[in-house]
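Since this is a predicted model, take the numbers as computed values, not measurements. Each chain gets a letter, A, B and so on, in the order the sequences are listed, and its residues count up from 1. These numbers come from the heavy atoms of this one structure, side chains and all, not from hydrogens, waters or symmetry mates.
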Amino acid sequence: MITPYFVIIPLFAAFLIALIARKKENIAAGIALIVGIILCIMSIYSFVLLSGNEGAIYYHFSNWKAPITISLVLDYLSSFMLIIISVISLIAIFYSLQYLNHYTGKWQFFALFMLMITGMNGVALTGDFFNLFVFIEISLFSAYSLVAFGCEAEELEAAFKYAIVGAISSTLILFSVGILYSITSSLNMADVGRLLLNEKSKVIYLVYGMMIVGFGLKSALVPFHAWLPDAHPSAPAPISSMLSGVLIKVLGIYALIRVFFNVFGAPQIFLQIILILGIISMVVGGLMSLMQWDIKRLLGFSTVSQVGYIFLGIGLGTPLGILGAIFHLLNHSIFKALLFMNAGAVEYALDTRDMKQMGGLSKKLPITSTTSMIGSLSISGIPPFNGFFSKLIIIIACIQAGHPIYAGWAILISIITLAYYLKMQRFTFYGKQNFKKIFEKVPFTLKTSMIILAGLCVISSVLIIPGIKEVTLDKVTEVILDKTKYIEYIKPLILGGR
Amino acid sequence: MPVEIWLHFILGFMIIGAIAALEIKDVLSAIIAVGIVGLGLSVAFLFLQAPDLALVQFVFEILCMIILIRAFTHRKEHKIDLKSNVVLVAIAVVILSVVFVLGIFAFKELPSFGKPIARIAERYLTKGPQETGSANIVTSIILDYRAYDTLGEITVLFTSILGAFTILRVIGRKQRR
Amino acid sequence: MTLYLMTFFLFLVGLYGATTKRDIIKIILAIGIMGYSVNLFLILIAYRSGAIYPILTKSLGKELMVDPLPQALVLTAIVIELGITALLASLAIRIFEKYKTFDITQVRRLKG
Amino acid sequence: MNEEKGMTIIVKTITRFTVWLIFLYGLYIIIHGHLTPGGGFAGGVIISLSFVHLTLAYGKDFFLKRHKISTLHNIEAGGALAFVIIGILGIAWTGSFLANFISTGKLFTLKSAGVIPLLNIAIGAKAGTALYLVFYYLVTHRSFIQKSESEGEIK
């Protein structure tokens, strides 16, 4: 049973780093790297393992049965999220080995990084509402600290805003969990889903509202997005790519999908709200990105816009829409991580994030420039790269579901995306040279990580080829759309003993 | 007097304390007002038959007050007569009142006070002591039935201490050349 | 029912403070108030009329006890609240060092 | 309140008696967590309050002369690690993480409830030191950092 080890291993590593590696930074980095590799192998293995276990593995703690104790549910959706978490985090750990040369406190960085992975893995696996809240808090606490890692004024300010927003949203989620417990007297997600089938009280709408606001704040949907363009750029580059690439997806989008599709059974009012908010965030994020001159802020607003695409796909509620959303989620985590790492490399070389002080870098930093070009083309949806396919699926799904206007918006924003990324390329890597001198060359681990991610941008398009699609993305889509399977397993165990 | 009336009294007291804490000008008084709200909560826990929580809330409140007072009140430069933005306050009050009115309709549907469903609770109460050997059933839940949550809890505490330690480094970045 | 509504009102008071106040210390206190109200709500829904605390003693027989599960949850929630208070306080101290003020409207190098 | 030297002689004398009472009460709460109200966390907070009490009365340097801050860090991480290790031992004995693998014993006696008292002690050690560390860092932030920089503890 490998399920609990996804949480135990990084947790153990974090405590171990705090115990033995406080003065020895290389040991801390080594432990983190080893854990990253182990988790990466385990997560891919878990996806393979599922096909032999009818698509779901359940694990119960402390030797008790489900509604009494906490259960972990490993199905294709969880496994998919685990793969994203572990692959991106492994690359981010590798990237930060040399990126952290200019920071103090390496061991705190790696310990907090391990705790962030613990929290996200816990969220992806848990089958219990209160446990979801606890693990959200673990990953958020480490995220606040890592955003403020540089201890500059702006970073502290961004971390404070993020912490306030995070605390409000977590409190809302806890309140709604309390209401759910009151009407069902259970905390297990599957059990709650089963009991809500014949529950017709109005208070459930209050729960919907609180959950949408709570998880919407975490995933930066537009009325709740104000913290993201501050918090994500302020962090060190590997953390920015973790936050934008993985954290908001696990805490916001994954949690919303799990709660609303598998537990509440995709109520129509939820789909409508998510659809509208998704389109608004797509448009607002895109337009705001056009006006940015700080390279990382531009990427931050771009995240808001791309998250809008994902929510558009989810809000359609059709199998094709959800397939597109899932695929775009994977792709976005790859190329947004890549783009933040590029920005980090540029910042490492020039010590500035202002695009007006760059220009003509393509000759000095050829690898950074090339990989950044690949990332930009992917995110704006140019054919050979993965972003094209996921956006295409979402647009086709819009037309198929009878919303051609939404498809039009998606195409328009895709063009705007291309425009602001071309602007970024033009002012950063091409055109007139505006910087004075390059402080330092981009080190080895930074280059390697960027090349790997750029390779993944091309490779992940393979997932959409018929034949491979059926065993990967379609399985994930099935889990989301099939509510009965998720809640079924709890039935024979009601109030069971050991 | 029945428990409900006492609780109404304590809750009213807590609401007044909370509003006072948010509106008072002086930092020390505001922190103490919140401390009173927390101690009111501790008393409410006693009335609601939760002695574990009353104890934890009580000591937690003392520690929090000591930390906040020592961390914030010796900063002489700080003046706290800040006026909030009137437009923002108006918007917030309108939205929150709407939410409150919606809440009136929603909370009617909850099981009424004093009559919870307590489906799983029966299981814990009847079999808990025999199965875990702990006379304190709350302890048997947090350390046996749901010990994984407690692991999460100590991890949260660990993270926040490590985070505070990280944030309080004086020098975050080394000088660039 | 009125008890639930009063708790909800306390929650909204905290939310009001966290969204409108300008002073960083007041915002931290408001977050604390929100936490209190949620904890109280969880314990209110666990109460059974005429029940006693869920701890066995030798002299007691089989008496009605309150729901122990929310008490276990609130124990965890209190610790989490303590963690967020500590983290916010340390952030506030550092912000005061850098900006020399606790006024959130002047802590504004970022435009978001 | 003078941070360096602490409070007056009266406070110091009374503290000398009360601090042990507080500390022992915290220990009692931790050890009897499975029998009476309280538990690891409540007891840990009380123990940390006794340290806080000392620090407030005697000034912030008093405590550190006796115990180095890194010892406290070790106890904190060690307590957390002990919790995880007890959980992993559960896997080894019964196949389930955090399982109660020691026999539960007789109800109402101190030596009952299997691993619960051990977990309580681990939580108590962790929470007690952790909360004192938070207090210490927040209250003595500036001077602590300068001092440890000169000692080379923080690079």
Side-chain angles (χ1 to χ4, degrees), chain B residues 7 11 14-15 18-19 21-22 27 30 34 37-38 41 44-45 48-53 56-57 60 64 67-68 71-72 78 80 82 84 88-89 92 96 100 103-104 107-108 110 112-114 116 118 120-121 124-125 129 135-138 141-142 146 149 153 156-157 160 163-164 167-168, chain C residues 1-10 12-17 19-23 25-26 29-30 32-33 36 39-40 43-49 51-56 65-69 71-72 74-76 78-80 82-83 85-87 89-91 93-94 96 100 102-103:
Chain B
L7 282 173
L11 252 171
M14 283 170 68
I15 290 172
I19 293 172
L22 292 177
V27 193
V34 168
V37 178
L41 182 61
F45 283 157
L48 290 164
Q49 305 291 342
D52 278 291
L53 294 177
V56 171
Q57 176 67 37
F60 158 81
C64 251
I67 286 177
L68 288 176
F72 289 137
H78 179 42
I80 198 168
L82 300 168
S84 297
L88 190 66
V89 170
L96 294 179
F100 184 68
I104 294 177
F107 280 107
K108 263 185 203 158
L110 284 181
S112 57
F113 175 72
I120 295 183
Y124 290 133
L125 291 173
N136 185 343
I137 297 170
V138 177
I141 292 175
I142 60 173
R146 295 177 68 91
D149 265 350
E153 168 200 315
V156 167
L157 195 58
S160 72
I167 292 163
L168 293 173
Chain C
M1 161 71 183
T2 46
L3 284 173
Y4 294 157
L5 276 180
M6 283 169 94
T7 319
F8 194 53
F9 186 76
L10 189 63
L12 294 180
V13 168
L15 196 56
Y16 162 81
T19 46
T20 61
K21 288 293 163 191
R22 283 170 61 190
D23 193 289
I25 299 174
K26 288 285 177 74
L29 297 181
I33 291 169
Y36 292 152
N39 292 350
L40 184 56
I43 295 301
L44 280 176
I45 61 175
Y47 183 73
R48 286 205 258 190
S49 307
I52 59 156
Y53 48 83
I55 297 170
L56 288 187
M65 289 180 180
V66 297
D67 189 348
L69 183 57
Q71 299 197 5
V74 170
L75 214 52
T76 307
I78 289 177
V79 179
I80 291 173
L82 184 58
T85 309
L87 207 54
S90 52
L91 275 171
I93 289 177
R94 288 313 301 271
F96 187 82
K100 304 287 172 226
F102 276 129
D103 185 351

Distance-minimising heavy-atom pair for [X] and [Y]:
X	Y	value
C/Y16	B/A92	CD1-CB, 4.3 Å
C/L82	B/C64	CD1-SG, 3.7 Å
C/L87	B/S160	CD1-O, 3.6 Å
C/S49	B/F113	OG-O, 4.5 Å
C/R94	B/I167	NH1-O, 2.7 Å
C/K26	B/A21	CE-O, 3.3 Å

When the 4.5 angstrom heavy-atom criterion is applied to C/L40 and chain B, the contacting part is both
Under 4.5 Å to a heavy atom of chain B? For C/T85 that would be side chain
Could you tell me which of [options] has the largest number of non-hydrogen atom pairs under 4.5 Å with chain B?
options	answer
C/P68, C/G17, C/G32	C/P68
C/L91, C/L5, C/V74	C/L5
C/A72, C/P54, C/G83	C/P54
C/I43, C/T7, C/I80	C/I43
C/L44, C/I45, C/T19, C/N39	C/L44

In the structure I gave you, are the side-chain heavy atoms of B/L68 and C/L29 within less than 4.5 Å of one another anywhere? yes
Max heavy-atom pairs within cutoff under 4.5 Å with chain C, candidates B/L125, B/I19, B/I142, goes to B/L125
In terms of heavy-atom pairs under 4.5 Å with chain C, the winner among B/V156, B/N136, B/D52, B/L110 is B/N136
Starting at [atom1] of [X], measure out to [atom2] of [Y] and round the result to the nearest 0.5 Å.
X	Y	atom1	atom2	answer
B/L41	C/I33	CG	CD1	11.5 Å
B/I141	C/L75	CD1	CG	11.0 Å
C/M6	B/M14	CE	CE	10.0 Å
C/F8	B/L96	CZ	CG	9.0 Å

(message) Check the orientation of B/F60 and C/Y36. Use parallel for under 30°, tilted for 30 to 60°, and perpendicular for over 60°.
(response) perpendicular
**Study point:** Geometric class of the B/F100/C/F9 ring pair [parallel <30°, tilted 30-60°, perpendicular >60°]
**Key:** perpendicular
Heavy-atom distances under 4.5 Å only: say whether [X] touches chain C with side chain, backbone, both or neither.
X	answer
B/A50	both
B/Y124	side chain
B/L22	both

Starting from the C-alpha separation in whole Å, work towards a yes-or-no answer on side-chain contact (heavy atoms from CB on, under 4.5 Å) for B/L48 and C/V66.
CA-CA 8 Å; B/L48 290 164; C/V66 297; over 6 Å; no
Contacts of B/D149 meeting salt bridge (charged side-chain N to carboxylate O under 4.0 Å, His left out) (sequence neighbours excluded), chain-then-number -> B/R146
